[in-house]
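Presented below is the structure to which this report refers.
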Amino acid sequence: PDEGLDVWLGQFPKNDTRLTSCYLCLFTSQSASTVITHAQAMADITETACTNYARQALATATWGALAERPTNLGRQSTYPQVTFPTVGASGATINGFFISDILSTTGDKCIGQANFDDTTAVPLMTNDVIKVTPTLALLH
């Protein structure tokens with residue numbers, strides 16, 4: 001989304017305050033094969049509210065080295081697999097993940113949003129655990 005591009009471009013070439021972490025989040029809005037458009041923002045994303053859910057911190061220093069995106073589509077960086085807390089009494093159907101710039105859901109911005117690679121929604125039930133390996137890519 002445009003708000004995420006503004007964060008990227010604020011880091012380079014500009015010199016805004018650098019992010020030292022961002023947050024991995026799960027969404028239930030859109031669908032298993034769609035995400036928000038470039039003109040939409042956090043207000044258009046519904047974050048899951050399943051029992052025990054919490055945003056997971058992603059330390060900027062832990063992201064992997066930049067690498068060629070498969071099939072030569074651009075560049076990417078991958079974060080090690082992240083495990084969300086075990087679902088408690090109520091679950092939700094997860095359509096993918098997004099990365100937020102801050103922990104709070106007030107005033108946060110979506111850096112990027114993605115469906116799962118197989119474009120399949122993941123219904124979470126009591127005692128389920130979801131693991132995500134986030135990748136950020138800039139395509140050409």
Step by step, would you call Gln30 with Asn95 a side chain to side chain contact (heavy atoms under 4.5 Å, CB included)? CA-CA 7 Å; Gln30 289 72 51; Asn95 288 320; 5.5 Å; no
Would Ile94 and Thr48 satisfy side chain to side chain contact (heavy atoms under 4.5 Å, CB included), going step by step from the backbone distance to the final call? CA-CA 7 Å; Ile94 308 301; Thr48 188; 3.7 Å; yes
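- Annotation: the span from Cys25 atom SG to Gln113 atom CD amounts to 10.5 Å, rounded to 0.5 Å.
- Grouping Ile, Leu, Val, Met, Phe, Trp and Tyr residues whose side-chain heavy atoms lie under 4.5 Å apart, directly or via other members, places Leu139 in a hydrophobic cluster with Leu73.
- In this structure Thr78 satisfies the side chain to side chain donor-acceptor pair (under 3.5 Å) test together with Thr135, sequence neighbours excluded.
- No donor-acceptor pair closer than 3.5 Å links the side chain of Asn52 to the backbone N or O of Pro85.
- Note: the hydrophobic cluster containing Ile99 also contains Trp8 (ILVMFWY, side chain heavy atoms under 4.5 Å, direct or indirect links).
- At least one donor-acceptor pair under 3.5 Å links the side chain of Thr60 to the backbone N or O of Thr20.
- Side-chain N or O atoms of Glu3 include none that pairs as donor or acceptor with a backbone N or O of Ala39 at under 3.5 Å.
- Here Glu47 pairs with Arg55 under the salt bridge (Lys or Arg N to Asp or Glu O under 4.0 Å) rule; sequence neighbours left out.
- Interatomic distance, CG of Leu19 versus CD1 of Ile102, reported as 10.0 Å (0.5 Å rounding).
- To the nearest 0.5 Å, the span separating CE on Met42 from OG1 on Thr105 amounts to 7.5 Å.
- Hydrophobic clustering places Val87 together with Leu24 (ILVMFWY residues linked when any side-chain heavy atoms are closer than 4.5 Å, directly or through intermediates).
- There is a side-chain donor-acceptor pair under 3.5 Å between Thr51 and Ser90.
- When the side chains of ILVMFWY residues are joined at heavy-atom separations under 4.5 Å, either directly or via intervening members, Val132 and Val35 end up in two distinct hydrophobic clusters.
- The OG atom of Ser29 sits 8.5 Å away from atom CG of Asp44, with the distance rounded to the nearest 0.5 Å.
- Shown here for Cys110 and Pro1, the closest heavy-atom pair between the two residues is O-CG, 3.4 Å.
- Side-chain heavy atoms closer than 4.5 Å link hydrophobic residues (I, L, V, M, F, W, Y) into clusters, and following such links, even through other members, never connects Leu66 to Leu58.
- Judged as a ring-ring contact (aromatic ring centres under 6.0 Å, His included), the pairs with a partner in residues 75-121 (not counting sequence neighbours) are, in order, Tyr53-Phe84, Trp63-Tyr79.
- At least one donor-acceptor pair under 3.5 Å links the side chain of Asn115 to the backbone N or O of Ser31.
- In this structure a side-chain-to-backbone donor-acceptor pair under 3.5 Å is present from Thr120 to Asp118.
- By the salt bridge (Lys or Arg N to Asp or Glu O under 4.0 Å) test, Arg75 is found to be paired with Glu68, residues two or more places apart in sequence or in another chain being considered.
- With values rounded to the nearest 0.5 angstrom, Gln76 atom CD is found 5.0 Å from Arg69 atom CZ.
- When all heavy atoms of Val129 and Thr83 are compared, the pair lying nearest together is CG1-CG2, 3.4 Å.
- Across all non-hydrogen atoms, the minimal contact from Ala121 to Ala32 is N-CB, 3.4 Å.
- Listed by first then second residue, pairs satisfying ring-ring contact (aromatic ring centres under 6.0 Å, His included) with a partner in residues 15-43 number zero, not counting sequence neighbours.
- In this structure, the side chain of Thr126 engages the main chain of Gly88 through a donor-acceptor pair within 3.5 Å.
- Smallest separation of non-hydrogen atoms from Pro134 and Val82: CD-CG2, 4.4 Å.
- Between the Asp108 side chain and the Asp101 main chain, no donor and acceptor come within less than 3.5 Å of each other.
- Residues Val7 and Leu9 are members of separate hydrophobic clusters, defined by side-chain heavy-atom contacts under 4.5 angstrom among Ile, Leu, Val, Met, Phe, Trp and Tyr.
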Do Ile130 and Leu26 pass the side chain to side chain contact (heavy atoms under 4.5 Å, CB included) test, and can you show the C-alpha distance, the side-chain angles, and the key distance before you say yes or no? CA-CA 10 Å; Ile130 189 167; Leu26 302 174; 3.7 Å; yes
